[in-house]
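In what follows, a structure is listed as structure tokens, so that the remarks can point back to it.
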Amino acid sequence: MTKVLIIEDEKNLARFVELELTHEGFETEVCFNGRTGLEAAVAEDAEWDVILLDLMLPELNGIEVCRRVRQVSNVPIIMMTARDSVIDRVSGLDHGADDYIVKPFAIEELLARMRALLRRIEIENEENSRKQTTITFKDLTVEKENRIVRRNDEVIELTKREYELLVELMENVNVVLSREVLLQRVWGYESEVETNVVDVYIRYLRNKIDVPGEDSYIQTVRGTGYVMRN
Ligand code: CA
């Protein structure tokens, strides 16, 4: 679930945003001043996907909160500013905010910006993980440079196709990949081909990577495709 920290001292606005985001399926927490907001933002167990940060806050203003969060975290931050002045926006972005929204705003606009930001970050993460030479999932490791797959320290021999299928799944952890998408990315098929070739290769792959008697690393999503979930 996407976790959103709302730092906003206008209680009505904070509650309204919280209600709307919860309704949209986000998990939310609200802080009403800059100090508690900063504490929540950088807490050791914090796993925020987005922080919505008001500019004018008691105790510690939004710019300062943003600056201090950025010293320890890359969490996406959207500044909320009541004043539609270029200086505020620029200064928020200068201090590491990813986007800003001017109050009063329609909730749809906020949702659209949050989704765009989350999507952008997801793409960046995907690109970064593609650049990584070693990828891991639970106790599976793939060294992409020499195409070695290991479970713990044990090397697992895979065919080229099995290997590419595994890498595709491991680079998209928690993303359900349809048979069609896997066919395109792993086999390069553009046209309609028998998608059950994917099922066959998933079975080959499971036989090689899974530990007998334990849950498969690869989950079947009925009617859709496959996913590696952590
Ligand atoms: Ca305020």
Side-chain angles (χ1 to χ4, degrees), residues 1-132 171-176 229-230:
M1 196 181 272
T2 306
K3 292 180 71 180
V4 185
L5 176 62
I6 303 161
I7 309 175
E8 168 61 76
D9 62 315
E10 286 166 58
K11 292 209 163 77
N12 287 341
L13 177 61
R15 296 283 187 226
F16 169 70
V17 171
E18 181 182 31
L19 202 69
E20 292 287 338
L21 293 185
T22 307
H23 181 72
E24 291 292 321
F26 295 98
E27 197 180 321
T28 57
E29 189 178 314
V30 177
C31 294
F32 296 116
N33 70 61
R35 188 181 45 78
T36 56
L38 175 64
E39 281 167 12
V42 301
E44 205 147 317
D45 56 351
E47 287 178 347
W48 305 111
D49 296 292
V50 180
I51 295 177
L52 301 179
L53 177 59
D54 184 28
L55 181 70
M56 302 294 283
L57 286 167
E59 303 207 24
L60 210 57
N61 71 47
I63 298 287
E64 190 57 22
V65 173
C66 188
R67 197 182 64 78
R68 296 201 200 173
V69 170
R70 275 293 167 266
Q71 290 172 348
V72 295
S73 161
N74 286 322
V75 58
I77 297 175
I78 299 179
M79 298 285 292
M80 301 184 289
T81 168
R83 290 177 295 168
D84 184 12
S85 85
V86 175
I87 289 171
D88 283 346
R89 292 186 215 167
V90 168
S91 123
L93 296 175
D94 271 355
H95 287 84
D98 298 273
D99 200 0
Y100 63 90
I101 189 164
V102 176
K103 292 193 268 184
F105 49 79
I107 198 73
E108 290 75 19
E109 191 192 349
L110 177 64
L111 288 167
R113 280 170 185 261
M114 285 175 58
R115 293 199 175 106
L117 182 58
L118 289 167
R119 181 73 198 123
R120 198 170 82 210
I121 284 162
E122 194 184 314
I123 289 168
E124 280 171 15
N125 288 345
E126 277 173 21
E127 283 170 357
N128 286 342
S129 76
R130 267 178 235 289
K131 279 181 215 146
Q132 273 173 20
E171 286 184 336
N172 291 281
V173 167
N174 296 327
V175 179
V176 177
R229 266 193 234 284
N230 59 16

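All ligand and atom numbering here is 1-based and tracks the order in the structure. Numbering starts at 1 and runs along the sequence shown. What you see is a predicted model; the values in this text were computed from it and never measured.
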- Query: Does some side-chain heavy atom of Ile107 sit less than 4.5 Å from a side-chain heavy atom of Glu24?
  - Reply: no
- Using a cut-off of strictly less than 3.0 Å, determine whether Asp9 has an N/O/S atom near the Ca ion (ligand 1). yes
- Item | Closest Asp54 atom to the Ca ion (ligand 1) [N, O or S only] | OD2
- Query: Checking only N/O/S atoms, does Glu10 have one that is under 3.0 Å from the Ca ion (ligand 1)?
  - Reply: no
- Query: Does the side chain of Glu64 reach to within under 4.5 Å of the side chain of Leu38, using non-hydrogen atoms?
  - Reply: no
- Message: Strictly below 4.0 Å, N to O, side chains only: are Asp98 and Arg113 in salt-bridge contact?
- Response: no
- For atom CD of Gln71, decide whether the heavy atoms of other residues, nucleotides or ligands shown that lie under 6.0 angstrom number more than 12. yes
